Amino acid sequence: MKNKSLFLVMAGLMGLPLFLPVYGQSHTPPSLIVRSDDMGAFHSVNLACVEAMQHGIQTTIEVMPVAAWFPEAARMLKENPQTDVGIHLALTSEWDLVKWRPLTPCPSLTDENGYFYPALYPGESRPGIALMEQDWKVEEIEQEFRAQIEQGLKRVPYSSHITSHMGCTRFAPEVQAVAIRLAEEYNLSYLETDELRKRHNVTFVGYNGPHRTAAEKEESFLRMLATLQPGQSYMFLDHPALDDREMESVGHPGYEDVAQDRQGVTDLLCSAKVKAEIERRGIRLTNYNELTKSLPRSTAEAEGVSAEGLKKYLDAVESSGQEMHSLMIVRHGKVIAEQRWGDHSPARPHIMNSVSKTFTATAIGFAVAEGRLKVTDKVISFFPDKLPQGELPAYLDELEVKHLLTMSVGQDEHTIDPIRQTEGSDWVAGFLAHPIVHQPGTQFGYNSLASYMLSAILSRVTGEDMIDYLYPRLFRPLGIVGVTTQRSPQGIPTGGWGMYLKTEDMAKMGQFFLQRGQWNGKQLLPESWFDEATAAQIESLPPFQRKEDLKVTPQESDALYGYGYQMWRCRNHAWRADGANGQYIVILPDQDTVVVTTAHVPDMQKILDLIWEHLYPIL
């Protein structure tokens, strides 16, 4: 293991990852959100936001569901799922030659042509064009905000927060109250009150000096960077676009040089000089989701863990000679240690392999809780159009959802897997046609296509992609964004493998299980599901091994402690989500601890052995 980056958590602030590297730095650097507003307003803005996303310092994009170019913006964002996205609520349409309308009937918010008014606040130079001069109705504002949020989430389901275009959520207390309530309802962050910004210790910053030209913008931004204080969080926002024919048509009295001005913003966000200065000063670029929904940080000693003992465990991992990528330890809901190797940064998603199965089973749990299916439902009932011709294979009509969850389908695990290797094949039809050699529910047999069947069933009963289905129920409440997955030839998420998540996302999932479905005081999934999911539903074996050929004992292998719903039991009353090559979410309920690893190792048991030998005794 080379190029180690080791961080022991030394301080916690507003949920942001604040670390003191053991190799140096004496203070926590400032954090900065770089936010671009109004994506969707113009094609030029969309192009500029993507450029600043891929080549610049931009960390967050605000997209406008009411604007004409929103569908293109949504497509572009879908192609860049790691971007932090906010839904930019709008009640005004400020430009003279380009207008947008509300998504709902709301006559108190529109002019005689059905467009939003150009301004929010009255001005002496153009009387009568401001929303505040009209007899606006808060009921219509709530209706319109709700429609914009739902349209945004429909097209960009991983959106993490809401913001306001031209301050439209802040012009009256009752409107502010609506925005706060809707943010909570949709599990979206909202920072547009003094109290909320204070809670997250974030301060707005702008240009420090003249900023009319591109050169002035760059120099004023650099001067602003020099004022940022260690341990504090800041937010900078502006409006990038390109200087092209489209933007030359955009403007209003008092602001005519829009194209040139906004090209200067794009140049600033992509400036090599600015990027170098941010790196030189050690400023940490962050985003809304990290600011508001990261796990809190603490120290080992504060959470009742010996710092010396923790260091010995980390040293043992380091000296194990395995290709580790990342490690995170959460104790009492707070991160107490984090370690990374090579180029595996906190923002980089990692392949989950079979850890994906635990997320798929959890999606089934939500569907069960909503009454969409039961674990005793017969699998063939969901796919009457996919059944093999003629007489059904033996036992197929007995196969239940529960048997898929517990890897007790009864198919030969050595012959079922090749179905997914055949290019263009229908995996559901292939699974249903494959022989079942043991009565379902009687024998454990590792079967990743069974997990795929769970994903396919979820698509049938919900009409939704599994990833989209989980966003409002699991991902958004936990602050998990930018999830991607591999898919079958039919476009269905693979379910048993192929998801990509960040290390902290894995830790959040472990904490969700540790808290038995509760998050921030809300019970998202009934506790009873966790009783079933984490219980030893069937006697387990190492993958692709037969009982008669078994050569290891429970003292040597954590694969022999039973299997629940797409989750393994471990020694010491622990549970784990388990993916090939060392992807682990290990949950120790008695110790109120979660241990997460990503890796590429041949000996996965060695990772667990190090936990039991060095970490478990100090918890």
Side-chain angles (χ1 to χ4, degrees), residues 34-56 58-90 103 147-163 186-189 240-242 269 287-290 293 347-352 356 359-360 363 455 458-459 462-495 498-502 505:
V34 181
R35 171 179 143 187
S36 292
D37 283 11
D38 296 0
M39 191 175 189
F42 303 99
H43 175 62
S44 173
V45 174
N46 291 352
L47 293 175
C49 285
V50 171
E51 182 177 347
M53 172 201 319
Q54 296 178 342
H55 306 294
Q58 170 188 276
T59 64
T60 294
I61 295 176
E62 307 307 310
V63 66
M64 301 176 68
V66 298
W69 287 91
F70 171 71
E72 181 191 61
R75 177 181 61 79
M76 290 175 166
L77 291 169
K78 187 175 183 179
E79 293 169 354
N80 295 274
Q82 299 309 316
T83 305
D84 186 48
V85 179
I87 297 171
H88 204 44
L89 302 177
L103 301 180
Q148 292 183 28
I149 290 171
E150 292 185 355
Q151 177 74 348
L153 293 177
K154 179 180 179 181
R155 301 296 297 271
V156 192
Y158 61 87
S159 301
S160 70
H161 59 279
I162 58 173
T163 55
Y186 288 96
N187 287 300
L188 296 165
S189 300
L242 304 180
L269 297 180
N287 58 49
Y288 267 79
N289 190 64
E290 289 183 359
K293 291 187 176 180
R348 181 180 174 183
H350 197 284
I351 183 68
M352 291 293 97
S356 308
F359 287 86
T360 301
S455 176
L458 190 80
S459 295
T462 67
E464 289 188 81
D465 177 293
M466 182 182 77
I467 303 301
D468 291 346
Y469 178 75
L470 282 176
Y471 260 110
R473 295 163 176 83
L474 178 70
F475 293 151
R476 205 176 302 129
L478 271 60
I480 297 174
V481 298
V483 181
T484 59
T485 186
Q486 298 170 9
R487 296 172 182 273
S488 70
Q490 291 71 46
I492 298 170
T494 49
M499 287 181 70
Y500 287 79
L501 292 164
K502 296 182 282 293
D505 297 336

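Just so you know, these numbers come straight off a predicted model, no measurement behind them.
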Judged by atom type as modelled, is there a donor-acceptor pair below 3.5 Å linking the side chain of [X] to the main-chain atoms of [Y]?
X: Gln58; Y: Cys49; value: yes
X: Ser356; Y: Met352; value: no
X: Ser455; Y: Pro493; value: yes
X: Asn46; Y: Trp69; value: yes
X: Ser488; Y: Gln490; value: yes
X: Gln82; Y: Ala347; value: no

[X] versus [Y]: any side-chain heavy-atom pair under 4.5 Å?
X: Met39; Y: Met76; answer: yes
X: Phe359; Y: Leu501; answer: yes
X: Val85; Y: Tyr158; answer: yes
X: Leu153; Y: Tyr471; answer: no
X: Glu290; Y: Thr59; answer: no

Nearest-0.5 Å distance, [atom1] of residue [X] to [atom2] of residue [Y]:
X: Arg155; Y: Ile87; atom1: CZ; atom2: CD1; value: 12.5 Å
X: Leu47; Y: Phe42; atom1: CG; atom2: CZ; value: 13.0 Å
X: Ile162; Y: His88; atom1: CD1; atom2: NE2; value: 11.5 Å
X: Asn287; Y: Ile61; atom1: CG; atom2: CD1; value: 11.0 Å
X: Ile467; Y: Thr360; atom1: CD1; atom2: OG1; value: 7.5 Å
X: Arg35; Y: Leu269; atom1: CZ; atom2: CG; value: 13.0 Å

>> Pairing donors with acceptors under 3.5 angstrom, does anything connect the side chains of Asp84 and Thr60?
In response: yes
>> Quick check on side-chain contact (heavy atoms from CB on, under 4.5 Å): which of Asp505, Thr485, Ile351, Thr494 does Met499 satisfy it with?
In response: Thr485
Contact summary for [X] and [Y], nearest pair of heavy atoms:
X: Gly491; Y: Arg487; result: O-NH1, 3.0 Å
X: Gln148; Y: Leu89; result: OE1-CA, 3.4 Å
X: Gly40; Y: Ala67; result: O-CB, 3.1 Å
X: Ala48; Y: Pro240; result: CB-C, 3.8 Å
X: Gly479; Y: Asn289; result: O-ND2, 2.9 Å
X: Pro472; Y: Asn187; result: O-ND2, 4.0 Å

> How are the rings of Tyr288 and His161 set relative to one another: parallel (under 30°), tilted (30 to 60°) or perpendicular (over 60°)?
Replying inline: parallel
>> Could you walk me through whether Glu79 and Arg75 satisfy the salt bridge (charged side-chain N to carboxylate O under 4.0 Å, His left out) test, starting with their C-alpha distance in whole Å, then the side-chain angles of each, then the deciding distance to 0.1 Å, before giving a yes or no?
In response: CA-CA 6 Å; Glu79 293 169 354; Arg75 177 181 61 79; 3.1 Å; yes
> Going through the distances and angles, do Phe70 and Val63 end up as a side chain to side chain contact (heavy atoms under 4.5 Å, CB included)?
Replying inline: CA-CA 7 Å; Phe70 171 71; Val63 66; 3.6 Å; yes
>> Per the salt bridge (charged side-chain N to carboxylate O under 4.0 Å, His left out) rule, what does the pair list look like for residues 468-479, sequence neighbours excluded?
In response: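 Those involving residues 468-479 are Glu370-Arg473.
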